[in-house]
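For reference, the structure is listed below as structure tokens.
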Amino acid sequence: MGLAVLALPTILIGLDMTVLHLAAPELGESLGPSGAQLLWIVDIYGFLVASFLATMGTLGDRIGRRKLLLIGAAAFAVASLLAAYATGVAMLIAARALLGIAGATLMPSTLSLISNMFRDPGQRRFAIAVWMTNFSVGGMIGPLVGGVLLEHFWWGSVFLVGVPVGVVLLLVGPVLLPEYRDPRPGRLDPLSVVLSIVTVMPVVYGFKQVAQDGVRTTSLLAVVLGLGFAVAFVRRQLRITSPMLDLRLFSRPGFSVALGGQTMGLFVVTGTQFLVLQYFQLVLGLTPLTAGLWALPAMVAGVVGTLLAPAAAARLHPGRVMAGGFALAVPGLVLISLADATSGLALTATGFAVLSFGVQAALALTNDVIISSAPPERAGNAAGVGETGAELGNALGVAAFGSVATAFYGARMAGDALPDGVRPELADLARSTLTGAIGAADRLPGAVGDELLATARSAFTTGMHAAALCGVGILVLLTVASLNLARRSTAGAAGTAEDFAATEPDGTAERDEVKGDPTRESGSAGRAPSGRRSPY
């Protein structure tokens, strides 16, 4: 029952990331935002979720994970009401920003609570798989729920879904969910909080702008600025006595490999999805609804892979299952790289489904490894870092794969590749994007327009092939890293979570139990029995 409660906010977060896409046209008519304002309405939620995840994971360890979850649920419900009844653009942007901050409290809180509620490794893996499945389901049903609501109500109705979910969490959360917090949290460093936020947000913003507008000075400056803040953040964590992010987590092979696998696995899946959906619509000429239906097998395959992975991990080392998932995804990208510009629908849909099955099976275990690699009192912090990596993977994948495809598209459309009879201004439009080429073809005589369109579609397909082959290289590296993790763990290279937790920076040992501390006692149940070695 507690897992069912934790699934509610997970579905809600996934749904809220996609439900607004359908409402954007009606919202534009009602509030009249500029193009830039509309982008901020859509994107500010994801930006702030990514920026606050690590902070909220650490905060949950300090004040209590259930408490933070309930605070976030209340804030999410209030922000949903503000967004639904916003009377202007500024109010809607502010409400979406509050939704993003509240959403950032929900994800690490739910994941870290699962790590305490399910002590058996097999049960924990399955619970995390259910958690991931519900996140995917939320994203899948977002357009459907939005379409039904917009068919009968106004644009603001898409936000009201968050209200009953928040109310249910507030009513049943205190009864069904245990509380846990770090009994020795130390002092929260405000400068570290600020640095963590200003590190992530410029990087996510910069790469999203690259995906949208191509490489420009402002997007590059944003990424460089974020990386500069990242250096300052890391240096401060190494200096202060109570760091917001314990960098010793990265010394554990399981944590580092799983975090890299989660980030780069989503990098490949999200970037591929971005190109495949464009291929379905702009190259093969499918309607948005038909394109979505052809993408549905990949979504279902991802859910199946997520649910099957824990059963496989009960028989094999999780590192081997992760390696198998990443390796299985490689043929999917190879199939996509073989599709042509005229008859690649079934091939691409099949390849995308194979890719989704393999990567999602691996990702079903990365969260478990990330959480299990950390001592119980740092589970919220580890969950926040893991989810931050996931958000970065989503943003970077779209930007990187989009940039690769754009570069190959431009190269194939350069010089005398265009047919004779295309006016210079239309040639420039056609060379910019495939959408521009489609617009240019509509303004040309039939035969010339058809030839231009065929050339542009072939160029885009070539770019998709190149991005897919880049993804193959990434998946091969992830496969090797996961196998290496399994070998090192089997050899006993990784210490136990208790060993990690017991050593403080000054070399002194701390006791695991504090008599009379009910919050510590409730959380200590999540610890592996003494003497049991962590597989990570």
Side-chain angles (χ1 to χ4, degrees), residues 1-13 49 52-80 98-99 101-120 123-124 127-128 130-132 134-135 138 162-186 188 193 244 367-368 370-372 374-388 497 501 512-514 516-527:
M1 293 176 66
L3 180 61
V5 171
L6 293 177
L8 286 174
T10 309
I11 294 175
L12 181 62
I13 294 166
V49 167
F52 277 87
L53 278 169
T55 299
M56 294 304 178
T58 301
L59 185 62
D61 288 342
R62 294 171 185 274
I63 70 171
R65 295 165 190 167
R66 184 182 66 186
K67 180 185 293 185
L68 182 65
L69 178 65
L70 298 180
I71 292 172
F76 204 98
V78 171
S80 297
L98 181 57
L99 277 170
I101 297 173
T105 69
L106 303 180
M107 295 174 74
S109 295
T110 53
L111 185 56
S112 56
L113 281 171
I114 285 174
S115 73
N116 294 122
M117 293 167 61
F118 297 92
R119 296 169 301 206
D120 177 77
Q123 291 182 347
R124 185 183 63 244
I128 290 176
V130 171
W131 180 86
M132 286 191 60
N134 282 286
F135 185 78
V163 178
V165 174
V167 172
V168 169
L169 274 173
L170 290 172
L171 291 177
V172 303
V175 178
L176 295 177
L177 301 178
E179 181 59 288
Y180 184 86
R181 63 174 178 266
D182 186 351
R184 296 185 178 89
L188 186 64
V193 172
M244 174 183 157
N367 272 311
D368 177 49
I370 288 171
I371 297 299
S372 301
E377 64 272 16
R378 295 183 178 92
N381 184 264
V385 174
E387 290 306 313
T388 302
D512 275 346
E513 300 298 333
V514 179
D517 187 342
T519 53
R520 182 54 179 255
E521 190 170 317
S522 67
S524 63
R527 216 177 246 98

- Say you draw a straight line from CG of L113 to CZ of F118; how long is it, rounded to the nearest 0.5 Å? 10.5 Å
- For the residue pair M117 and L3, what are the closest heavy atoms and their distance? CE-N, 4.1 Å
- Task: State, with a plain yes or no, whether a side-chain heavy atom of I101 is found less than 4.5 Å away from one of M56.
- Result: yes
- Task: Evaluate the criterion side-chain contact (heavy atoms from CB on, under 4.5 Å) for residue pair I114 and L6; output intermediate values, then yes/no.
- Result: CA-CA 8 Å; I114 285 174; L6 293 177; 3.6 Å; yes
- Task: Please name the pair of heavy atoms, one in P174 and one in L70, separated by the smallest distance, quoted to 0.1 Å.
- Result: CG-CD1, 3.8 Å
- Min side-chain heavy-atom separation L69-T105 under 4.5 Å: no
- Minimum heavy-atom separation for V163 to S80, with atom names? CG2-CB, 4.1 Å
- Note on the structure: Sorted by chain and number, sequence neighbours left out, side-chain contact (heavy atoms from CB on, under 4.5 Å) with A73 holds for L169
- Heavy-atom pair with the smallest gap, counting every atom of K67 and E179: N-OE2, 3.1 Å
- How many angstroms lie between CE in M1 and CG in L176, if you round to the nearest 0.5 Å? 5.0 Å
- Would you name the heavy atoms of A102 and G72 that are closest together and state the gap between them? CB-O, 3.7 Å
